[in-house]
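As structure tokens, the structure follows; a few thoughts come after it.
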Amino acid sequence: MPWSKHKSWWQKLLPWVGVAIAIVLLDQATKLTIERMFDYGDVRPVTSFFNLVLTYNKGAAFSILANASGWQDEFLTWVGIGASLFILYLLARHGTQKLFSLSLALILGGAIGNVIDRIAYGHVIDFLDFHYAGWHWPAFNVADSAIVAGAALLILDELLRVRRSK
């Protein structure tokens, strides 16, 4: 039955798309809040090692390509869209593998959150600033955090898979 195949595909995909949507909503809500409460460059200390700051990133992770001549905006948008489509394909095929799918859903939500910024503003809004002894980690956002958490879970999933196969 063709419909039963589609139903199975949607049943595997839907919970993970829900996780991705939750990440996108949290990401966009926090970015909008910071945009409304801060002027560009404002820094508000929260702890001795953490600030909230409004900054914009026209590049990729850690501001790689931020000083390029502008070609990176469209390129990074298309990379994010392409990665999102590939992740949806993987989720549809492997949606029953919980840890693998959770990691992909986190990455998907983060990618979409940052693509929304690139399309809407031409840059990504960053606001989380961790620092120690005068050294600052590059500012980031909820979408970036989801991508990093998803990548870490992807590595854990693979390590567990290798361990099970022994």
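The shown structure was predicted, so the numbers you read here are calculated from the model rather than taken from an experiment.
- Annotation: salt bridge (Lys or Arg N to Asp or Glu O under 4.0 Å) contacts involving residues 73-94, sequence neighbours excluded, comprise Lys58-Asp73.
- Taken together through direct or relayed side-chain contacts under 4.5 Å among Ile, Leu, Val, Met, Phe, Trp and Tyr, Val124 and Ile23 form parts of separate hydrophobic clusters.
- Considering all non-hydrogen atoms of both residues, Leu13 and Ala92 come closest at CD1-N, 3.9 Å.
- Under the 4.5 Å side-chain heavy-atom criterion for grouping Ile, Leu, Val, Met, Phe, Trp and Tyr, Leu54 is connected to Leu26 within one hydrophobic cluster.
- Atoms CG and CD1, on Asn114 and Ile125 in that order, are 9.5 Å from each other to the nearest 0.5 Å.
- Listed by chain and number, the residues in a ring-ring contact (aromatic ring centres under 6.0 Å, His included) with Phe50 are Phe130 (sequence neighbours excluded).
- Counting only distance, with no hydrogens or angles, the side chain of Trp16 and the backbone of Gly95 share a donor-acceptor pair below 3.5 Å.
- Here the side chains of Thr55 and Tyr40 are in contact, with some heavy-atom distance below 4.5 Å.
- For residues 100-119, the ring-ring contact (aromatic ring centres under 6.0 Å, His included) pairs, not counting sequence neighbours, are His94-Phe100.
- Cluster membership for Leu153 and Ile147, using ILVMFWY side-chain heavy atoms within less than 4.5 angstrom, is not shared.
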Residues 105-112 side chain polar contacts: donor-acceptor under 3.5 Å, at least two apart:
none

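- Under the 4.5 Å side-chain heavy-atom criterion for ILVMFWY residues, a single connected hydrophobic cluster contains both Ile34 and Met37.
- Annotation: side chain to side chain donor-acceptor pair (under 3.5 Å) contacts of His123 (sequence neighbours excluded): none.
- The hydrophobic cluster containing Val43 also includes Val53, under a criterion of side-chain heavy atoms closer than 4.5 Å among ILVMFWY residues, counted directly or through chains of members.
- Ile155 forms part of a hydrophobic cluster together with Leu159, judged by ILVMFWY side-chain heavy-atom separations under 4.5 Å.
- Within the 4.5 Å cutoff, the side chain of Tyr56 has no heavy atoms near those of the Asp126 side chain.
- Listed by chain and number, the residues in a salt bridge (charged side-chain N to carboxylate O under 4.0 Å, His left out) with Arg161 are Asp157, Glu158 (sequence neighbours excluded).
- Asp117 pairs by the salt bridge (charged side-chain N to carboxylate O under 4.0 Å, His left out) definition with Lys31, not counting sequence neighbours.
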For a quick test of your reading: what N or O donor-acceptor pairs under 3.5 Å do the side chains of residues 78-90 make, sequence neighbours left out?
{"from": "Ser84", "atom 1": "OG", "to": "Gly80", "atom 2": "O", "distance (Å)": "2.8"}

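- Taking the ring-ring contact (aromatic ring centres under 6.0 Å, His included) definition, one finds that Tyr132 meets it with nothing, sequence neighbours left out.
- In this structure, Phe127 and Thr30 have side chains that are in contact, with non-hydrogen atoms separated by less than 4.5 Å.
- To the nearest 0.5 angstrom, Thr33 atom OG1 is 10.5 Å from Gln28 atom CD.
- When side chains are defined from C-beta on, Arg164 counts as touching Leu160, because their heavy atoms get closer than 4.5 Å.
- The salt bridge (charged side-chain N to carboxylate O under 4.0 Å, His left out) check on Asp42 picks up nothing, with sequence neighbours excluded.
- Separating the CG atom in Leu52 from the CG atom in Asp129 is a distance of 8.5 Å, to the nearest 0.5 Å.
- The hydrophobic cluster containing Val46 also contains Phe38, counting ILVMFWY residues as joined when their side-chain heavy atoms lie under 4.5 angstrom apart, directly or transitively.
- The only option from Asp144, Leu32, Ile116, Asn141 that meets the side chain to side chain contact (heavy atoms under 4.5 Å, CB included) definition with Asp27 turns out to be Asn141.
- For the residue pair Pro45 and Asn51, the shortest heavy atom distance occurs at CA-OD1, 3.2 Å.
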